[in-house]
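No hydrogens, no waters, no symmetry mates; every other heavy atom, side chains included, goes into these values. Read the numbers this way: they start at 1 and go in the same order the structure lists the ligands and their atoms.
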Amino acid sequence: MASFREKIENSEKLFTFHDLALLPNYSEVEPEAVQTTTRVSRGIKLDVPYVSSPMESVTGSALAEAMARNGGLGILHRNCSVEEQVKLAKEVKSSAVDIEKWPRATLDEDGVLRVGAAVGPQDLDRVKALVKTVDLVLVDVAHFHTESCFSGTRRILDVCPVDLVVGNIGTIGAAEDVVSKLDGVAGLRCGIGSGSTCSTSVQTRVSAPTLYAVASAADATRELGADIPIIADGGIRNPGDASIALAAGAWTAMLGSVLAAAEESPGPVETHNGRLFKRHWGMGSHKARMKRFAMDRYSKPAKNVAEGVEGLVPVRGPTSEIIEEFSGALKATCGYIGAKNIPEMWTHARFGRVSATGVQELRPHTILPSD
Ligand code: XMP
């Protein structure tokens with residue numbers, strides 16, 4: 001066995017979003033010519049690479065509908081009864097689509113908005129009830145790379161005719177095992193410990209930061225020749241974080257706190273000191289765990305610690321504007337690095353390391369906020 005000092009000295013570098021920057025390249029690409037189309041899973045194409053996190057403070061039917069109208073995808077949370085979740089899905093599927101007004105909308109073969117839904121790894125009844133309505137099912141668990149999640153997912157695959165995405169995973173080994181042992185998985189959700197509401201790392205010192213997790217899974221799928229799109233999940237605060245996640249191998253970026261701040265997220269607006277906020281809480285937080293349906297994700301009896309926190313996010317505006325801001329900035333990133341589309345980002349991106357002190361220089365500084 002290696003000595004403890006050797007293990008520490010040879011430890012892996014766990015890069016996070018702010019540790020890296022993209023270097024500019026010679027470019028012939030104008031931002032407006034960039035194609036942002038991608039896939040969230042094997043069979044589901046999106047016009048923009050953004051999906052909403054299945055969290056109670058993020059994705060109800062209104063936000064899922066707004067995401068699909070704007071070319072992304074909403075994934076309904078599961079912190080509710082099966083009947084309630086099916087009702088939310090039906091609300092999205094029954095909303096009218098005016099193709100003139102929503103030319104980039106994410107639609108199924110019948111011209112109806114697409115929607116995804118989260119399930120627990122053992123929740124076969126929920127899967128069976130949802131697949132009559134939804135386009136994608138996501139096995140939503142904090143640590144997917146376990147025997148019980150793999151065996152539960154095998155049972156789910158048997159009854160799931162729509163695309164099945166699994167996660168979260170954080171390492172090459174986890175991605176390799178999914179690809180080689182779970183035939184039929186159509187997408188991977190990657191990142192452990194980076195989420196805005198996440199206290200997993202504080203409580204357990206376990207983490208596979210989103211950037212590291214994405215790059216690891218992307219390498220594994222590429223080496224195994226597997227066509228399994230990768231979702232970067234957790235810690236995306238601004239368009240730049242999403243862009244660097246895409247450059248590091250992701251196909252889509254999952255947004256939690258960013259969309260909790262959207263007008264369409266489920267919570268009411270609160271005013272504090274004259275400013276508008278919405279509430280955002282982790283699915284492993286005390287608040288979420290009070291609802292028994294979240295129990296299997298973070299709250300097994302042996303795991304009696306809260307791995308999430310609750311707080312406020314300043315209101316950002318309608319989902320359409322947030323997605324527009326993110327996709328506009330992504331096109332600008334592509335212009336700087338000379339990539340015409342997301343696959344070209346993977347080949348053209350060159351990363352630079354930023355020192356801990358340098359991080360301060362690479363964001364607005366020196367001037368005082370004027371509002
Ligand atoms: P952001 O930063 O976008 O992250 O708000 C969203 C992702 O965070 C994860 N999540 C949690 N992770 N404890 C955790 O360790 C929690 O209570 C929790 N709730 C959500 C989840 O992957 C989500 O998509």
Side-chain angles (χ1 to χ4, degrees), residues 16-18 40 50-59 63-64 67 72-79 116-118 120-121 138-145 149 165-170 174 187-211 213-214 217 230-242 245 250 252-262 265 267 278-291 293-300 303-314 316 319 322 326:
T16 63
F17 292 129
H18 282 188
V40 60
Y50 308 110
V51 296
S52 70
S53 173
M55 297 174 73
E56 208 180 347
S57 51
V58 179
T59 316
L63 190 112
M67 285 300 285
L73 187 77
I75 304 182
L76 297 164
H77 77 86
R78 65 183 178 95
N79 214 25
L138 181 146
V139 178
D140 168 44
V141 61
H143 177 35
F144 183 80
H145 194 201
C149 287
V165 177
V166 302
N168 282 29
I169 61 159
L188 283 173
R189 181 186 182 201
C190 304
I192 293 174
S194 293
S196 60
T197 58
C198 171
S199 53
T200 296
S201 182
V202 175
Q203 297 286 21
T204 67
R205 245 313 165 261
V206 172
S207 56
T210 302
L211 195 68
V214 161
I230 286 160
I231 303 173
D233 173 37
I236 292 171
R237 288 152 288 195
N238 50 49
D241 292 340
T252 57
M254 181 170 272
L255 306 175
S257 71
V258 167
L259 291 171
S265 74
K278 283 206 171 192
R279 218 156 263 279
H280 185 40
W281 62 92
M283 296 297 282
S285 66
H286 183 69
K287 183 180 173 104
R289 291 171 64 198
M290 284 294 98
K291 282 181 102 175
F293 299 104
M295 295 301 273
D296 56 341
R297 181 170 164 119
Y298 296 100
S299 317
K300 286 183 199 143
K303 213 178 164 191
N304 203 13
V305 282
E307 289 185 25
V309 296
E310 177 185 356
L312 298 171
V313 285
R316 273 179 110 121
T319 300
I322 296 171
F326 270 65

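- At least one side-chain heavy atom of Met254 sits less than 4.5 Å from a side-chain heavy atom of Leu138.
- For ligand 1, the atoms closer than 4.0 angstrom to any heavy atom of Met55 are 6 (C), 19 (N), 20 (C), 23 (C).
- Annotation: side chain to side chain donor-acceptor pair (under 3.5 Å) contacts of Glu310 (sequence neighbours excluded): Arg279.
- Checked by distance only, ligand 1 and His280 come closer than 3.5 Å through their nitrogen or oxygen atoms.
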**Item:** Derivation of the side chain to side chain contact (heavy atoms under 4.5 Å, CB included) call for Asp241 and His18
**Value:** CA-CA 8 Å; Asp241 292 340; His18 282 188; 3.8 Å; yes
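- Checked against a 3.5 angstrom limit, the closest N/O atoms of Gly284 and ligand 1 fall inside it.
- Proximity to Ser285 (heavy-atom distance under 4.0 Å) selects the following atoms of ligand 1: 17 (O).
- Residues Ile322 and Tyr50 form no side-chain contact, since every pair of their non-hydrogen atoms from C-beta on lies 4.5 Å or further apart.
- Here is the list of ligand 1 atoms found below 4.0 Å of a heavy atom in Arg189: 21 (C), 22 (O), 23 (C), 24 (O).
- Close N/O approach between Leu255 and ligand 1 is not found [any backbone or side-chain N/O within under 3.5 Å].
- Taking 4.5 Å as the limit, every side-chain heavy atom of Val58 sits out of range of all side-chain heavy atoms of Ser265.
- Distance alone, capped at 3.5 Å, is enough to place a donor-acceptor pair between the Ser199 side chain and the Gly308 backbone.
- Asn168 pairs with exactly one of Asp233, Asp140, Thr210 by the side-chain hydrogen bond (donor to acceptor under 3.5 Å, both in side chains) rule, that one being Asp233.
- Heavy-atom contacts of Gly195 reach the following atoms of ligand 1: 2 (O), 4 (O), 8 (O) (cutoff under 4.0 Å).
- Of the N or O atoms in Pro54, none lie within a sub-3.5 Å distance of an N or O in ligand 1.
- In summary, the atoms of ligand 1 found under 4.0 Å from a heavy atom of Thr197, numbered by their order in the structure, are 18 (C), 19 (N).
- The Asn168 neighbourhood of ligand 1 comprises atoms 22 (O), with distances under 4.0 Å to a heavy atom of that residue.
- The closest approach between any non-hydrogen atom of Ala142 and ligand 1 is not below 4.0 Å.
- When the heavy-atom distances from atom 19 (N) of ligand 1 to His286, His143, Met283 are ranked, the shortest goes to Met283.
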**Request:** Could you please spell out the steps behind the side chain to side chain contact (heavy atoms under 4.5 Å, CB included) verdict for Thr59 and Leu76?
**Result:** CA-CA 5 Å; Thr59 316; Leu76 297 164; 4.3 Å; yes
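- Of the N and O atoms on the side chains of Arg205 and Ser201, at least one donor lies less than 3.5 Å from an acceptor on the other residue.
- Close approach to Glu307 involves these atoms of ligand 1, each under 4.0 Å from a residue heavy atom: 13 (N), 14 (C), 15 (O), 16 (C), 17 (O).
- Atoms of ligand 1 lying under 4.0 Å from any heavy atom of Gly234, numbered from 1 in the order shown and given with element: 2 (O), 4 (O).
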